[in-house]
Amino acid sequence: MKFDMGKNKSENKTVLNLMWSCCFFMVFMVASTSYTYAQKAKSPKTIKESKTEARVTGLKYICVHVLELEKTLKLYREILGFKMDDAEVLHGPGLEGMLVMKLKANDLEISLSLTAPEFIDTVGPIGNTNHNHFMLKVNDIGPIGDKLKEEGYELENENYAKDKYTFFVGPNGEIIGLSAWD
């Protein structure tokens, strides 16, 4: 670029400032693009970490077997502020006629299960889902189920890898469900 010595200094300064601004902007763009790329690039350690072992990734839901419907709904809906999200009547061995009400508060889901009076004698401790339990989300149920069996835990569903769920009784009598469902 040519500077005309006949122009005043302020015009030359304006042109120089514009040039410096453009250069600074270009350097900033190149640097930020390189930084972003470096942040996204996977090092060998990051790639290895993405193949993590099977583990719990969160809480799927909590299930409470209802003995007193009016008191239960008053507690969870009126006092604790849960909203009814869904309700369905289940059918099948050990589940026939069971009403399951799904209540939500933000991202927490609680299922309330109510057994029809003629099936009250089918209430678990395990062997059906009609019991108090909590369901944990897992990223890969196969290895976790295998480890549980190796440690002597009895799994309610032997097809856990295919079905993507199972239940077992913890060391304190707690019923724990595992789910790899999306």
Side-chain angles (χ1 to χ4, degrees), residues 40 42 45-182:
K40 290 181 181 177
K42 289 188 173 187
K45 183 177 181 182
T46 306
I47 291 170
K48 186 176 181 180
E49 287 175 3
S50 68
K51 296 179 182 177
T52 59
E53 66 183 69
R55 62 185 173 78
V56 171
T57 61
L59 177 67
K60 187 125 179 111
Y61 65 80
I62 298 168
C63 183
V64 177
H65 183 72
V66 175
L67 299 175
E68 295 187 44
L69 182 59
E70 285 184 46
K71 283 185 173 183
T72 302
L73 289 177
K74 183 173 184 169
L75 171 66
Y76 285 97
R77 293 180 74 196
E78 295 177 26
I79 298 172
L80 298 177
F82 281 82
K83 304 287 183 214
M84 182 74 73
D85 185 56
D86 190 19
E88 68 177 309
V89 176
L90 302 181
H91 302 283
L95 303 173
E96 192 60 47
M98 180 172 58
L99 171 64
V100 176
M101 298 166 281
K102 295 179 182 173
L103 305 178
K104 285 195 173 184
N106 295 325
D107 62 345
L108 176 62
E109 180 180 305
I110 292 182
S111 295
L112 302 176
S113 65
L114 182 64
T115 303
E118 62 269 25
F119 295 104
I120 199 69
D121 61 335
T122 67
V123 173
I126 201 160
N128 65 52
T129 57
N130 189 7
H131 47 64
N132 294 317
H133 67 276
F134 58 93
M135 181 70 79
L136 299 172
K137 291 189 282 189
V138 296
N139 63 351
D140 189 356
I141 196 167
I144 296 173
D146 295 346
K147 286 179 187 176
L148 287 167
K149 286 174 68 174
E150 286 172 15
E151 291 295 318
Y153 289 97
E154 184 179 330
L155 302 182
E156 179 262 345
N157 178 9
E158 286 297 321
N159 294 320
Y160 55 88
K162 180 181 170 237
D163 296 341
K164 297 185 176 184
Y165 83 92
T166 194
F167 293 93
F168 67 98
V169 178
N172 306 295
E174 70 274 27
I175 298 174
I176 303 168
L178 301 176
S179 169
W181 300 322
D182 292 328

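We number each residue from 1, following the sequence as shown.
- Considering only heavy atoms from C-beta on, Leu155 stays 4.5 Å or farther from Phe167 through its side chain.
- By the salt bridge (charged side-chain N to carboxylate O under 4.0 Å, His left out) test, Lys162 is found to be paired with no residue, residues two or more places apart in sequence or in another chain being considered.
- With sequence neighbours left out, Asn159 forms a side-chain hydrogen bond (donor to acceptor under 3.5 Å, both in side chains) with no residue at all.
- Remark: Lys147 engages Glu53 in a salt bridge (charged side-chain N to carboxylate O under 4.0 Å, His left out) (not counting sequence neighbours).
- Shown here for Ser113 and Met98, the closest heavy-atom pair between the two residues is CB-SD, 3.6 Å.
- With sequence neighbours left out, Glu174 forms a salt bridge (charged side-chain N to carboxylate O under 4.0 Å, His left out) with no residue at all.
- One distance of note links CG of Leu80 with NZ of Lys74; it measures 12.0 Å at 0.5 Å rounding.
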Practice task
List the steps and the verdict of side-chain contact (heavy atoms from CB on, under 4.5 Å) for Lys149 and Glu158.
Solution key: CA-CA 10 Å; Lys149 286 174 68 174; Glu158 286 297 321; 3.0 Å; yes

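- Residues Tyr160 and Asp146 have side chains in contact (heavy-atom distance under 4.5 Å, counting atoms from C-beta outward).
- In terms of heavy-atom proximity, Ala54 sits nearest to Ile144 at CB-CG1, 3.6 Å.
- The two residues Ala161 and Gly142 have their closest heavy-atom pair at CB-CA, 4.5 Å.
- When the ring pair (Phe, Tyr, Trp, His ring centres under 6.0 Å) test is applied to Tyr153, the partners found at least two apart in sequence or on another chain are Phe168.
- Qualifying side chain to side chain contact (heavy atoms under 4.5 Å, CB included) partners for Lys137, counting only residues two or more places apart in sequence or in other chains: Thr57, Lys60.
- Remark: Glu68 pairs with Lys71 by the salt bridge (charged side-chain N to carboxylate O under 4.0 Å, His left out) rule, at least two apart or across chains.
- Atom NZ in Lys104 sits 13.0 Å away from atom CE in Met84 (nearest 0.5 Å).
- Nearest heavy-atom pair across Phe82 and Ile110 is CZ-CD1, 3.4 Å.
- Screening residues 79-89 for side-chain hydrogen bond (donor to acceptor under 3.5 Å, both in side chains), with sequence neighbours left out, gives no hits.
- For Thr72, the side chain to side chain contact (heavy atoms under 4.5 Å, CB included) criterion is met by Val66, Tyr76, Leu112, not counting sequence neighbours.
- In plain terms, the two heavy atoms of Ile176 and Gly170 that are nearest each other are CD1-CA, 4.3 Å.
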Exercise for the section: Could you give me the CA-CA distance, side-chain angles and deciding distance for Tyr165 and Glu156, then say whether side-chain contact (heavy atoms from CB on, under 4.5 Å) is met? Expected result: CA-CA 9 Å; Tyr165 83 92; Glu156 179 262 345; 3.8 Å; yes

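- The side chain to side chain contact (heavy atoms under 4.5 Å, CB included) search around Ala87 returns Leu99, Met101, not counting sequence neighbours.
- Leu108 CG to Tyr61 OH: the interatomic distance, rounded to the nearest 0.5 Å, is 13.0 Å.
- Qualifying side chain to side chain contact (heavy atoms under 4.5 Å, CB included) partners for Ala180, counting only residues two or more places apart in sequence or in other chains: Val138, Ile141, Lys164.
- Nearest approach of Val100 to Ser111, heavy atoms of both residues: CG1-CB, 4.0 Å.
- Atoms CG and OG1, on Leu148 and Thr166 in that order, are 8.5 Å from each other to the nearest 0.5 Å.
- One distance of note links CE of Met135 with CD1 of Ile62; it measures 12.0 Å at 0.5 Å rounding.
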